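Sequence lines set the chain letters: A, B, ... in the order given, protein chains first and strands last, and positions in each chain run from 1. A quick note: this is a predicted structure, and the numbers were derived from the prediction, not measured.
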Amino acid sequence: MSLSAKEKVIVKDFFAKVSSRSDEIGAEALARLIVVYPQTKSYFAHWKDLSPNGAPVRKHGITVMGGVYEAVSKIDDLAGGLLTLSELHAFMLRVDPVNFKILSHCILVVLSMMFAEEFTPQIHVAVDKFLALLALALAEKYR
Amino acid sequence: MVEWTDKERAAISDIFSKLDYDEVGQKCLSRCLIVYPWTQRYFGAFGNLYNAEAIMNNPLIAKHGTTVLRGLERALNNMDDIKNTYAELSVLHSEKLHVDPDNFKLLSDCLTIVIAAKMGTTFTPEYQASFQKFLSVVVSALGKQYH
């Protein structure tokens, strides 16, 4: 599965359109991740405050969303463009890749909530594919 | 036996009370067929599914979406025994319809996303957790009679 030229345009246009609220998207997606999938808290045991609306979670959600936007800018070569991030996740963070999938789902839910009119099925499929390819690129250096 | 807290029951009931089954059913099923096109394999007799517009305007798909939501309502009304409530439906999906059970999860993800669009910020993380727990019990019950 790869993104067609048309889908790349759809993804870039959509993320550009919602970029003014990207912090909110990231914070909300990460909050949902730890509430809906409590097992993901195991990666954040070193934080004093694991409440979904607390500062550490919101700040980290913003960081993660920054990574998503970086991936959008490198949509023509995700594996190459995300090499450093992949090494980080593979050797330092060692996040099980199954979590990329569930975070992607949380991002989609938040996009649907915040942009109900704009998040049509056609945009949904392009963004879903993009996030799946992003996850694959992130897992590139795992083994 | 699945344990439901009072908060979970309340959240799930509240969500269902806000749903127009015709609207949400049509949106959910058509979104599934568009986002996961391989699911169209089960709808060969449903007419024109050639593109997203055709799927979204297809009356047979809309009607079937309502059927799916009515099926979910049965689980809502029997939350303490979804497994047995769905025994016949599970046999139907396995023996007659031959649906790969992985597809149930795809449809349930689409339903979550359609409901998120409908409810906006009132679809809190806690509501999402309760609703996804409900859907995972439903999905598990639907797959129970496969062999």
Side-chain angles (χ1 to χ4, degrees), chain A residues 1-4 6-7 10-11 14 18 21 24-41 50-54 57-58 61 98 101-132, chain B residues 5 7-8 11-12 15 18 23-24 26-40 49-58 61-62 65 102 105-136:
Chain A
M1 278 193 297
S2 54
L3 288 166
S4 68
K6 187 166 167 223
E7 285 167 333
I10 288 173
V11 169
F14 179 75
V18 307
R21 296 178 75 185
E24 207 184 323
I25 297 167
E28 189 63 33
L30 199 70
R32 267 159 209 275
L33 181 77
I34 64 172
V35 171
V36 180
Y37 306 95
Q39 70 274 16
T40 57
K41 288 194 284 192
L50 266 174
S51 60
N53 291 309
V57 170
R58 298 203 87 83
V98 72
K101 216 165 189 279
I102 60 186
L103 179 60
S104 295
H105 171 70
C106 289
I107 291 172
L108 293 174
V109 169
V110 170
L111 290 176
S112 181
M113 258 174 57
M114 288 173 59
F115 306 101
E117 293 286 316
E118 295 91 332
F119 197 63
T120 61
Q122 295 91 321
I123 290 187
H124 177 168
V125 60
V127 174
D128 189 30
K129 277 176 76 173
F130 166 70
L131 291 174
Chain B
T5 64
K7 269 182 126 176
E8 285 169 341
I12 294 159
I15 290 167
K18 297 188 158 60
E23 179 206 347
V24 170
Q26 183 274 327
K27 283 186 166 159
C28 164
L29 186 57
S30 59
R31 191 169 281 252
C32 187
L33 296 174
I34 293 166
V35 178
Y36 309 107
W38 54 94
T39 58
Q40 291 168 28
L49 300 179
Y50 294 140
N51 53 41
E53 287 69 37
I55 292 169
M56 292 198 290
N57 292 312
N58 185 312
I61 293 295
D102 279 347
K105 177 142 198 323
L106 301 180
L107 184 63
S108 76
D109 282 351
C110 284
L111 181 58
T112 303
I113 281 165
V114 166
I115 286 173
K118 208 167 160 51
M119 291 180 67
T121 46
T122 59
F123 191 60
T124 61
E126 290 73 23
Y127 263 39
Q128 183 183 344
S130 301
F131 194 64
Q132 286 194 200
K133 179 177 168 179
F134 171 76
L135 288 177
S136 71

Contact class of B/Gln132 relative to chain A, heavy atoms under 4.5 angstrom: side chain

Contact winner vs chain B - A/Val110, A/Ile34, A/Thr120, heavy-atom pairs under 4.5 Å: A/Thr120

Atom of A/Ala116, atom of B/Ala117 and distance for their closest heavy-atom approach: CB-O, 3.5 Å

Which atoms of B/Met56 approach chain A - backbone, side chain, both or neither, heavy atom under 4.5 Å: side chain

Chain A contact via B/Thr124 - which portion, at a heavy-atom distance below 4.5 Å: backbone

Residue A/Phe115 versus chain B: region with a heavy atom under 4.5 Å: neither

When B/Thr121, B/Thr112, B/Ile113 are compared by non-hydrogen pairs under 4.5 Å with chain A, the top option: B/Ile113

Closest approach of A/Met113 to B/Gly120 (non-hydrogen atoms, all atoms of both residues): CG-O, 3.4 Å

Segment of A/Glu28 engaging chain B (4.5 angstrom heavy-atom cut-off): side chain

Atom group of B/Phe131 that falls short of 4.5 Å from chain A, counting heavy atoms: neither

Nearest atoms (heavy-atom pairs only) where A/Val109 meets B/Gln128: CG1-OE1, 3.7 Å

Options B/Cys110, B/Ser130, B/Ala129, ranked by heavy-atom pairs under 4.5 Å with chain A, top entry: B/Ala129

